[in-house]
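Both counts, for ligands and for their atoms, begin at 1 and track the order of listing. Here the structure is a predicted model, which means the values were calculated and not measured.
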Amino acid sequence: MAEEARKRVALVTGGNRGMGLETSRELLARGLRVVLTGRDEKAIERALRGLAGPAEDAIAVPLDVTDPDSIESARRMVNDRFGVVDVIVNNAAVLPFETDDVLAIPEKGFRDALDTNLLGAIAVCRTFVPAMAKQRYGRVVNVSSGAGQLSRMETYAPAYSISKAALNAFTRILAATYRDRGVLANAVDPGWVRTDMGGPSAPRSVEQGVNTTVWLATLPHDGPTGGFFRDRKPLEW
Ligand code: NAP
């Protein structure tokens, strides 16, 4: 198939609910092929059935970002069905121990946050970015948080905040490593959004929350890389 005719393939982690599901929906609506992934097979199948758009352009693939075997088996499934992944949206995350006392969090709280929010994103990139670099096209969107902004960091959810600051650092390093190979990598703060994580009092809808993510996932060749964005504008680290 000629490269011009091939639809871009986007893989979204934690695609079964919240902003991952909305991101999957919007990327499909923009004409990309979507790999909706998640750790619960029934939940991703249910989410897939709720997507509008060409049925052949979206698949549900089990992927637990903390399980290397599941990432590798997802890679094989995606490569068989759609070929190379062009876009990664590292959206999956957990928010353990929302206490504001850093020293009250047991080691497990830090491990859980880092395993999913940082090491999970790194593992997904390790699996899919080399093929992007080889084809000289790739977009990586790391869904971070204002909580990970070092310049404003105080006491909110320390394990989560530390994991998102580390995800931001990974974003910069990944971007610098692959900037000459067509891979643009950026971090996004979606704002405070009404999801299971954000809760019902959050001011933003999921549509507002994913707007910048979708933009970063579909950047043109001369788009930014190594940045941190909210509402499509650069944020201080
Ligand atoms: P959410 O509704 O709680 O959804 C989190 C998603 O992550 C779920 O699909 C969950 O899957 C998945 N997940 C968790 N651990 C996983 C793992 N090991 N492997 C694969 N998937 C896993 O959260 P959200 O609000 O949509 O958040 C999306 C992103 O935005 C996150 O990165 C979050 O940190 C960030 N964010 C959110 C807000 C907000 O106000 N909501 C603000 C700033 C940043 P299960 O259903 O299996 O649990």
Ligand 1 versus [X]: contacting region, heavy-atom distance under 4.0 Å:
| X | value |
| --- | --- |
| L95 | neither |
| P190 | side chain |
| R204 | neither |

Heavy-atom distance to [atom]: which of [options] wins?
| atom | options | result |
| --- | --- | --- |
| atom 31 (C) of ligand 1 | D115, N117, N91 | N91 |
| atom 47 (O) of ligand 1 | E22, R194, R39 | R39 |
| atom 5 (C) of ligand 1 | G14, S145, A93, A43 | A93 |
| atom 23 (O) of ligand 1 | K164, R230, M197, R17 | M197 |

Test item: [X] and [Y] side chains (from C-beta on) under 4.5 Å apart, heavy atoms:
| X | Y | value |
| --- | --- | --- |
| P158 | D100 | no |
| L51 | L21 | yes |
| T213 | M19 | no |
| V141 | T212 | no |
| R6 | V84 | yes |
| F97 | P106 | yes |

Quiz question: by atom type and distance under 3.5 Å, do the side chains of [X] and [Y] form a donor-acceptor pair?
| X | Y | result |
| --- | --- | --- |
| T66 | D64 | yes |
| E98 | Y160 | no |
| D189 | S145 | no |

Going by the order shown, which atoms of ligand 1 are within less than 4.0 Å of some heavy atom of [X]?
| X | result |
| --- | --- |
| W192 | 40 (O) |
| T116 | 15 (N) |
| T66 | 18 (N) |
| V94 | 14 (C), 15 (N) |
| G191 | 38 (C), 39 (C), 40 (O), 42 (C), 43 (C) |
| L63 | 19 (N), 20 (C) |
| G18 | 2 (O), 26 (O) |
| D196 | 2 (O) |

Starting from [atom], which protein heavy atom do you reach first, and at what distance in Å?
| atom | result |
| --- | --- |
| atom 34 (O) of ligand 1 | Y160 OH, 2.5 Å |
| atom 44 (C) of ligand 1 | S144 O, 3.1 Å |
| atom 24 (P) of ligand 1 | T195 OG1, 3.6 Å |
| atom 18 (N) of ligand 1 | D64 OD1, 2.9 Å |
| atom 21 (N) of ligand 1 | A92 CB, 3.4 Å |
| atom 19 (N) of ligand 1 | V65 N, 3.0 Å |
| atom 30 (O) of ligand 1 | V143 CG1, 3.3 Å |

Does G209 have a heavy atom less than 4.0 Å from any atom of ligand 1? no
Result of checking V87, T225, V89, V183 against R139 for side chain to side chain contact (heavy atoms under 4.5 Å, CB included): V87
Salt-bridge contact [X]-[Y] (side-chain N to carboxylate O under 4.0 Å):
| X | Y | answer |
| --- | --- | --- |
| R75 | D80 | no |
| R8 | D86 | yes |
| E22 | R25 | yes |

Can you see whether F170 has R172 sitting over its ring - NZ or CZ less than 6.0 Å from the centre and within 45° of the normal? no
Contact (N/O only, under 3.5 Å) between [X] and ligand 1:
| X | answer |
| --- | --- |
| V193 | yes |
| N16 | yes |
| M19 | yes |

The test is side chain to side chain donor-acceptor pair (under 3.5 Å); show your working for R46 and N16 and say whether it passes. CA-CA 8 Å; R46 202 179 314 120; N16 54 295; over 6 Å; no
